[in-house]
Amino acid sequence: FPVVPEKEKEDKQFAKKYLESFYNFKEEKNSFFKSENLNHMADKIREMQSFFGLEVTGELNHKTMDMMKKPRCGIPDIHS
Amino acid sequence: YSTFPQSPRWKKEDVTYRILNYTPDMLQADVEEAIAKAFHLWSSVTPLTFTRLYSGQADIMISFAAGFHGDFYSFDGPGGTLAHAYHPSSGIGGDAHFDEDENWTKFTNNGFNLFLVAAHELGHSLGLGHSNVYGALMYPIYMARDTRDFRLSQDDIDGIQALYGPPRESPALPTKSFSPQEPTEKTPAKAPTETSPQEEPTETTPSKTPIRPQDCDPHLTFDAITTLRGETLFFKGSYVWRKSPYFSDIEHDTISSFWPSLTAGFDAAYEVDKKDQVLFFKDHQYWAVSGYSIEPGFPKPIQNLGFPPSVRKIDAAVHDQNTKKTYFFVGNKYWSFNENTQSMERGYPRKIASDFQGIDHTVDAALQKNGLFYFFHGSSQYEVDIKNKKLIRTMKSNSWFNC
């Protein structure tokens with residue numbers, strides 16, 4: 001359901017943590033990999049959307065955020 | 001289904017477990033029963049047996065803890081991660097940890113059902129990973145479900161039997177009643193968990209799920225319609241059409257994808273925007289939800305709202321955001337409910353036709369949008385300006401779907 005706008009930054013942070021926990025996302029700490037990070041995060045968002053049968057957009061749309069916020073098991077959905 | 005890399009599994013069939021501590025949310029006996037029932041789920045489809053130890057090292061050590069609890073995966077407070085478990089191996093392998101910051105219960109509302117979560121985590125303790133099959137026990141997202149006759153999905157069974165094979169002798173009849181694996185020491189046999197009056201209704205699983213009608217089917221009718229945080233949801237059977245100002249297309253969902261424990265086939269629905277609350281009506285009961293969560297203490301009987309016992313169900317409901325009154329439609333009459341005083345207004349019921357211009361039949365669903373009211377009857381809808389008591393126009397019920 002709709003997300004209040006100013007929460008978007010918060011949501012991005014939440015999503016990053018979610019993808020690190022469950023989709024083995026590792027953010028490059030080095031800042032000049034920024035654009036690479038964004039692509040890498042979009043890939044991981046696509047992986048999560050595909051797992052849950054959501055529309056695969058690579059973007060943090062409301063359905064994707066909703067799914068990330070549902071209570072769940074702490075084990076990753078994919079294994080490295 | 002999935003397994004962990006290299007598919008680790010127990011190299012023996014008699015696996016041991018030990019409950020290290022308890023959650024204060026539940027009676028110890030209920031915790032033990034939930035755990036035993038969860039093990040029984042897996043032993044009934046594999047050759048595995050589970051024996052409870054009361055001291056020393058067991059293969060599967062079960063504990064409740066909050067926040068940091070000695071492994072690399074701290075818990076995160078209420079909500080979010082509920083529990084985790086380790087795949088079969090020595091040491092921490094097989095162990096299952098439950099987040100004490102959650103509210104654990106033996107029911108399926110007012111918290112997380114320990115049996116359902118334990119059954120999932122023990123799947124990991126036996127070597128299963130997550131499944132992306134919606135409705136499978138190993139699906140990563142918690143879904144409150146009726147636990148009285150809970151069954152593993154075929155995907156779960158396929159996964160665990162890929163690791164351990166089928167049970168030695170197939171039970172003559174599927175074991176319906178639950179009889180926990182005999183632990184090493186006798187514990188008094190427990191009566192099956194009685195269900196609480198608030199126990200969520202079992203999901204009605206129609207023998208044949210009717211297919212979703214086309215958006216622009218000219219004969220399309222609806223059971224109920226409501227707004228929700230600026231969006232509009234149209235309900236029919238188990239299906240939801242979702243119209244949102246935030247995206248252009250009509251989204252197709254099911255009731256269970258938003259509220260897994262609510263049964264399909266609402267009679268009515270309406271939003272009290274000021275309370276960020278939507279109420280759903282089915283037969284003589286109603287539920288209140290806020291977003292995805294069902295508010296505690298529901299369902300309630302509709303008589304709580306002030307209906308006489310003769311009213312066994314309602315046809316439609318709509319909340320007037322301007323007057324803070326909610327109109328309930330039953331047959332050719334309607335009631336007015338004051339949301340501020342939470343009581344039915346005096347002088348009701350009244351005939352629908354005498355106050356709603358042009359509405360001289362029953363109402364299937366009702367909606368208020370941009371100050372106007374829309375009354376749905378069969379495949380038609382009537383746009384009414386009730387302030388000026390004027391019927392503005394008649395349209396097809398699905399005119400909202402950009403047909």
| said: Which one wins on heavy-atom pair count under 4.5 Å against chain A: B:Gly129, B:Ser2, B:Ser131, B:Gly79? | reply: B:Ser131

| said: Hydrogens and angles aside, do B:Ser153 and B:Asp155 bring a side-chain donor and acceptor to less than 3.5 Å of each other? | reply: no

| query | Are side-chain N/O atoms of B:His97 and B:Asp95 paired as donor and acceptor at under 3.5 Å? | reply | no

| Crowding at CD, A:Glu55 (>12 non-hydrogen neighbours, <6.0 Å) | no

| field | Heavy atoms of other groups near A:Lys17 NZ, more than 12 under 6.0 Å | value | no

| remark: Answer key: most heavy-atom pairs under 4.5 Å with chain B among A:Gly74, A:Ser21, A:Ser50, A:Gly53 is A:Gly74

| request: Assign the ring pair B:Phe401 / B:Phe234 to parallel, tilted or perpendicular, where the plane angle (0 to 90°) is split at 30° and 60°. | output: perpendicular

At a 4.5 Å cut-off on heavy atoms, which part of [X] comes close to chain A: side chain, backbone, both, or neither?
| X | result |
| --- | --- |
| B:Ser74 | neither |
| B:Glu121 | side chain |
| B:Phe75 | neither |
| B:Tyr134 | neither |

| request: Take A:Phe51 and B:His130 through the test ring pair (Phe, Tyr, Trp, His ring centres under 6.0 Å) and record every step on the way to the result. | output: CA-CA 10 Å; A:Phe51 182 93; B:His130 281 150; 7.1 Å; no

| request: Below 4.5 Å from any heavy atom of chain B, which atoms of A:Met67 appear? Answer side chain, backbone, both or neither. | output: both

